[in-house]
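Read through the structure below, which is laid out as structure tokens, and then see the notes.
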Amino acid sequence: QVYLSRDALGSYDPLDNEIQLYTNKFNVMMGDLDPEQVFTESTLLHEIVHSTVVTKLPPEISAARTRLTGSSYLKKVDKVLNSRKTSKPVKQILTAYKKALDSIPESHKSLLAHLNDPETYQKTFGTKGNIDEWYGLTNVDEFIAEAISNSNFQSFLKGIEGEGKSLWQTIIDSLKE
């Protein structure tokens, strides 16, 4: 079944463990997307990453399980990052996430007030907010999914040096562990 959506290309429902894919109605109307094309490969990959990652992230920072936003969300990320119970791969991903947040251009720093709340960011800033460009920074779930599926976001991460390698390579190496 094809779902029509003005904005979303896909979604993952962790409660039902179900991926839903949509035809982007706006892109079809603009002639940018074939109406027969239900989704893109990157959208499918993005949602598959969500379905696998959601079980690996600590529940207190998983977007599927917490409603914390802005600085409250970031404080929870810090708490998990500094916990002795947090695994090494998760700590590496959280460290990369924080470094990526520190690397946001000044023109997009307002995203920090809307961490784990991309809908409000979009309502507040609309298309001028360029949410698609920075969507991977809205929360840790999106950070991982966009790092794997979005070539523009990958380029951003590859341009940030971590501990002897790019943030993108840090994420890839962490996911292998």
Side-chain angles (χ1 to χ4, degrees), residues 8-15 17-19 40-105 108-122 130-177:
L9 293 175
S11 65
Y12 172 68
D13 180 351
L15 299 176
N17 194 27
E18 180 178 276
I19 294 173
T40 64
E41 292 85 0
S42 63
T43 301
L44 177 60
L45 178 58
H46 179 101
E47 301 308 333
I48 289 171
V49 171
H50 276 311
S51 71
T52 58
V53 167
V54 74
T55 61
K56 308 290 188 244
L57 288 176
E60 57 267 36
I61 61 166
S62 172
R65 299 182 186 134
T66 186
R67 293 292 161 231
L68 294 174
T69 59
S71 62
S72 298
Y73 179 74
L74 198 52
K75 284 178 187 172
K76 188 59 80 169
V77 168
D78 286 335
K79 185 177 180 182
V80 171
L81 179 60
N82 295 314
S83 171
R84 291 180 298 159
K85 295 178 183 178
T86 304
S87 69
K88 181 182 174 188
V90 170
K91 284 187 179 206
Q92 290 170 330
I93 287 172
L94 295 180
T95 300
Y97 176 65
K98 299 250 338 211
K99 181 138 180 131
L101 288 175
D102 290 341
S103 301
I104 299 174
H108 293 84
K109 289 282 186 189
S110 56
L111 174 65
L112 296 175
H114 301 284
L115 294 177
N116 206 34
D117 191 12
E119 292 81 16
T120 300
Y121 182 85
Q122 284 179 305
N130 294 322
I131 189 71
D132 291 338
E133 185 176 354
W134 305 107
Y135 189 67
L137 298 176
T138 57
N139 58 49
V140 177
D141 300 61
E142 297 302 341
F143 181 68
I144 299 168
E146 288 289 284
I148 301 301
S149 65
N150 181 329
S151 60
N152 291 332
F153 194 64
Q154 289 169 4
S155 294
F156 168 70
L157 295 173
K158 287 176 182 177
I160 303 169
E161 195 64 29
E163 295 179 16
K165 54 187 163 186
S166 72
L167 290 189
W168 185 80
Q169 191 60 54
T170 298
I171 295 163
I172 297 304
D173 291 348
S174 298
L175 294 173
K176 289 178 186 177
E177 290 186 32

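Sequential numbering from 1 along the given sequence is applied to the chain's residues. This structure is a prediction, so every number in the text was calculated from the model and none was measured.
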E60 and T66: CA distance, side-chain angles, deciding distance, side-chain contact (heavy atoms from CB on, under 4.5 Å) verdict = CA-CA 6 Å; E60 57 267 36; T66 186; 6.0 Å; no
Is it the case that more than 12 heavy atoms not belonging to K85 sit under 6.0 Å from its NZ atom?
-> no
What are the two closest non-hydrogen atoms of L57 and S62, and how far apart are they?
-> CB-CB, 4.4 Å
Of all the heavy-atom pairs spanning L112 and L115, show the shortest one and how long it is.
-> O-CG, 3.4 Å
Between V80 and P58, what is the shortest heavy-atom contact and its length?
-> CG1-CG, 3.6 Å
Sub-3.5 Å donor-acceptor pair from the side chain of Q92 to the main-chain atoms of I171, do we have one?
-> no
Quick one: does W168's side chain have a donor or acceptor within less than 3.5 Å of a partner on A147's backbone?
-> yes
Those residues that, when tested against K75, pass salt bridge (charged side-chain N to carboxylate O under 4.0 Å, His left out) (two or more places apart) = none
Note: V90 and K56 closest approach over all heavy atoms is CG2-O, 4.1 Å
Counting heavy atoms not belonging to K158, are there more than 12 under 6.0 Å from its NZ?
-> yes
For K99, the salt bridge (charged side-chain N to carboxylate O under 4.0 Å, His left out) test, sequence neighbours excluded, returns none
Please answer whether the main-chain N or O of N82 pairs with a side-chain N or O of T86 as donor and acceptor at a distance below 3.5 Å.
-> no
E146/L137 under side-chain contact (heavy atoms from CB on, under 4.5 Å): CA gap, chis, key distance, verdict = CA-CA 9 Å; E146 288 289 284; L137 298 176; over 6 Å; no
If every non-hydrogen atom of K165 is compared with every non-hydrogen atom of D173, which pair is closest and at what distance?
-> NZ-OD2, 2.7 Å
